[in-house]
Number of protein chains: 2
Amino acid sequence: MRGSSPVLARRKDSAHLFAALGDETRLLLVTRLSAGPMSISRLTEGSKLTRQAITKHLRVMKGSGLVRGARQGRESVWQLNQRRLEDARRYLDLVSKQWDDALGRLRQFVEK
Amino acid sequence: MRGSSPVLARRKDSAHLFAALGDETRLLLVTRLSAGPMSISRLTEGSKLTRQAITKHLRVMKGSGLVRGARQGRESVWQLNQRRLEDARRYLDLVSKQWDDALGRLRQFVEK
DNA sequence: CTAACATGCAACCTGGAGGTTGCATGAATA
DNA sequence: TATTCATGCAACCTCCAGGTTGCATGTTAG
């Protein structure tokens, strides 16, 4: 691993992931999929958007690995990819930790 | 709290927050700020972007509460708002938990 | 006081995100 | 087999995120 820290290497990837989560419609889809796998038409039910819009969002999410779909008969069923959720959480943990350390150093400095 | 679950109420807010994290440049800023407060010009140093670009990103992040800045003399110093990081993590935890439950139910159903 | 610094403001540009519509195609069902 | 259902593909539209540039303004250091 010469020349690029893991954090650096993962920044772009994480940005993609967060971007996939950073849309209200997609976050709704994530919520609905958190109840279990679902077909596109099912996901479209009750939505104000077109099926095509939903489809596009699903593909964006797939692009960041947040979700994956597979054809079953005449419908395509999608489901969450929990590992990616954990990836996002881990990234936030990392930043939080650095932040804590920084605060620690500051406190130590002030109290000297 | 009639008519809207907490999760629903927070979806829009969370989407904003994730969107703020969903840009490589901003994620870099987050990383740099995790080491402690910093002025705009300092944040711009070493960046390929203009100071104005950085400024815009900071304001976007401020808009989602991810960061806050204050003027100090002739420079404006910005710092992370860790509470928002925790908010994001909590949201992911929520979704993860629902997903776990769904898997649990599925497993139980299959094994019956 | 005057230069050098650190920002703010505003106008402007461009590409792609988010949506829609219309049509084509494979799968399931009466 | 004729329909209906669930999708895929592609063209098209609009708006705004992400950047830049130029100029104005408040701060500091000499």
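Each chain gets a letter, A, B and so on, in the order the sequences are listed, and its residues count up from 1.
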Would A:E75 and A:I40 count as a side chain to side chain contact (heavy atoms under 4.5 Å, CB included) if you check the C-alpha gap in whole Å, the side-chain angles of each, and the deciding distance to 0.1 Å? CA-CA 7 Å; A:E75 51 190 15; A:I40 293 184; over 6 Å; no
Here the distance between atom C1' of D:dG26 and atom CD1 of B:I40, to the nearest Å, is 14 Å
Using only side-chain N and O atoms of B:S41, determine if any of them is under 4.0 Å from OP1 or OP2 of C:dC5. no
Taking for B:V77 and for A:K48 the nucleotide of DNA chain C with the nearest heavy atom, the one nearer the 5' end belongs to B:V77
Counting side-chain heavy atoms from C-beta on, which of D:dC5, C:dT21, C:dG8 comes nearest to B:S76? C:dG8
Taking the side chain of A:S39 as heavy atoms from C-beta outward, which of C:dG18, D:dT7, C:dG19 is closest to it? D:dT7
Kindly point out which of C:dT7, D:dA6, C:dG19 is positioned nearest to the side chain of A:R74? D:dA6
Remember a base hit wins even if backbone is also touched, and classify A:Q52 as base, sugar-phosphate or nothing at under 4.0 Å, heavy atoms. base
With a non-hydrogen cut-off below 4.0 angstrom, is A:T50 in contact with a base, only sugar-phosphate, or nothing? base
Looking across every strand, which nucleic acid part, if any, lies under 4.0 Å from B:R59 by heavy atom: base, sugar-phosphate, or nothing? sugar-phosphate
Find the distance A:L28:CG to C:dG18:C1' and express it as a whole number of Å. 15 Å
Within the pair A:H57 and C:dA17, is there a side-chain N or O less than 4.0 Å away from OP1 or OP2? no
Could you check how far CD1 of B:I54 sits from P of D:dA17, rounded to whole Å? 17 Å
Which distance, rounded to the nearest 0.5 Å, do you find between the CZ of A:R84 and the CG of A:L21? 9.5 Å
Of the options C:dT20, C:dG18, D:dT20, whose atoms approach the side-chain atoms of A:R26 most closely? C:dG18
Spacing of B:L58 atom CG relative to C:dT7 atom C1', expressed in whole Å: 12 Å
For A:T50 and A:A53, indicate whether the former's side chain and the latter's backbone hold a donor-acceptor pair under 3.5 Å. no
Which whole-number value in Å describes the distance from A:Q72 CD to D:dT7 C1'? 14 Å
The side chain of A:R71 lies closest to which of these nucleotides: C:dT7, C:dT20, D:dT7? D:dT7
Measure across A:G36 and B:A102 and return the closest heavy-atom pair with its distance rounded to 0.1 Å. N-CB, 4.1 Å
N-O pairing of B:K97 and B:D101 below 4.0 Å: yes
What is the distance, rounded to the nearest whole Å, between atom CE of B:M38 and atom P of C:dA6? 15 Å
Which comes earlier along DNA chain C counting from the 5' end, the contact point of A:A53 or that of B:W78, where each point is its nearest nucleotide? B:W78
Can you say whether the rings of A:Y91 and A:F18 are parallel (under 30°), tilted (30 to 60°) or perpendicular (over 60°)? perpendicular
Over how many whole Å does the gap from A:R51 atom CZ to D:dT4 atom C1' extend? 14 Å
For the side chain of A:E75, starting at C-beta, report the closest nucleotide among D:dT7, C:dT20, C:dG18. D:dT7
Nearest whole angstrom, please: distance from the P of C:dT7 to the NZ of B:K56. 17 Å
